[in-house]
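One structure is given below, encoded as structure tokens.
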Amino acid sequence: MTNNKSELGERPLVNVEDLTVIFEARGNIVHALDTVTLSINAGERIGIVGESGSGKSTLALALGGHIQGAGRRSGGSVDVVATDVFTASPEALGRLRRGHLGYIFQNPIGTLDPTRKVSRQFFGTDGRPISEARIANVLEQVRLDDIPRVLKSYPHELSGGMAQRVAIAMAIEHEPRLIIADEPTSALDASVRLQILDLLKEISIRSGAALIIVSHDLKAVRSYCERVAVMYAGRIVELGDSKDVFAEPSHPYTAALIRAMPGEEGIDGEIRGIRGNPPLVTKRLEACAFAERCDYVLDECWHLRTEPTLQNNRWVSCHLASRGISARAAEG
Ligand SMILES: Nc1ncnc2c1ncn2[C@@H]1O[C@H](COP(=O)(O)OP(=O)(O)O)[C@@H](O)[C@H]1O
Ligand SMILES: [Mg+2]
């Protein structure tokens, strides 16, 4: 597969516009994504951060048209490698998934078939098994040692880190244009987490694939991703250059997440978590979802929906920021 951009022209690789996704099960409604807008260029590395339930995985899955079952799109569009995923034919969606996307999930053992040796886990876009020589080549690309032994192993015979390397090999075998890694290191020992992130970054740079890293680990996102999207209650509340965002957060939620990061504790040595919990969003937000947890709440935050505004090359969805005050500045 070539990496030429001709079919994209000047379009970004990913273009999500005003995407709203609702889950409805037994009468309970959750707005998992609320008017999410995000574009990603070819070869770019972007991190998505936010507490559990903020919509990160839903966004990651939506890129491959994987919103199914209780979930549905109630508005907006998702365009990935020139494919409109919500209107594409099953064939076009299949071509996108098998040809251009590579997903990596938290639990590599869950990705692998427990009944097959590694040498029998790989299938081409036509559904046929891939030759052992080609598999060995991809296993080399993910920096696995002793490849003959790995090929003969069953998933349970591999360490977590090795299994994740095999899962990454499966995700990149067809040379995807976009690699979507949803908490790729959360289930791994701390000692191998950075190795896996180093590997993903190396693959992205070498192959020109864009890389999305969904993570709880803000430090990892700061060092591995050029841009970061901070999600809260189904919305992107801040989006910008990751070094800038972490150095000078605009949204009070971003500032709170950074304060809650290990190693960023105050002089009293205490790690300050964020008080309260994220809300379960059951209808379209008509206020700021963070208001009840925010130290800088204004009158309008309780009854006026926030909208993303562009300030200094950064998108921020916050009434405080709309007044030109960043969270860091408000902290004084
Ligand atoms: N299959 C599903 N059925 C019902 N609700 C779901 C489903 N998937 C996600 N949700 C809900 O959507 C919201 C966002 O979830 P998710 O995207 O998994 O967040 P994150 O990955 O940031 O933890 C949560 O409130 C979650 O409970
Ligand atoms: Mg998730």
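Just so it is clear, the structure is predicted and the values come from calculations on it, not from any experiment. Order of listing sets the numbers, starting from 1, for every ligand and every atom in it. Throughout, numbering of the chain's residues begins at 1 and tracks the sequence.
Under a 4.5 Å side-chain heavy-atom criterion applied to ILVMFWY residues, the cluster that includes L298 comprises Y296, L320, I325 as well. In the hydrophobic clustering (ILVMFWY side chains linked at under 4.5 Å, chained through shared members), I29 is joined by I22.
Counting only protein N, O or S atoms closer than 2.8 Å to the Mg ion (ligand 2) gives 1.
Ligand 1 lies under 4.0 Å from heavy atoms of F23, V30, A32, E51, S52, G53, S54, G55, K56, S57, T58, L280.
Using a cut-off of 4.0 Å between Lys/Arg side-chain N and Asp/Glu carboxylate O, R11 and D79 are scored as salt-bridged. Between D295 and R275 there is a salt bridge, with a side-chain nitrogen of the basic residue lying less than 4.0 Å from a carboxylate oxygen of the acidic one.
Ring planes of F105 and Y103: parallel class, angle under 30° (limits at 30 and 60°).
Looking at S215, its side chain does come within 3.5 Å of a backbone N or O of D217 through a donor-acceptor pair. In this structure a side-chain-to-backbone donor-acceptor pair under 3.5 Å is present from Q311 to A321. For the pair T20 (side chain) and T35 (backbone), a donor-acceptor distance under 3.5 Å is present. Judged purely by atom type and a 3.5 angstrom limit, H174 uses its side chain to pair as donor or acceptor with the backbone of L101.
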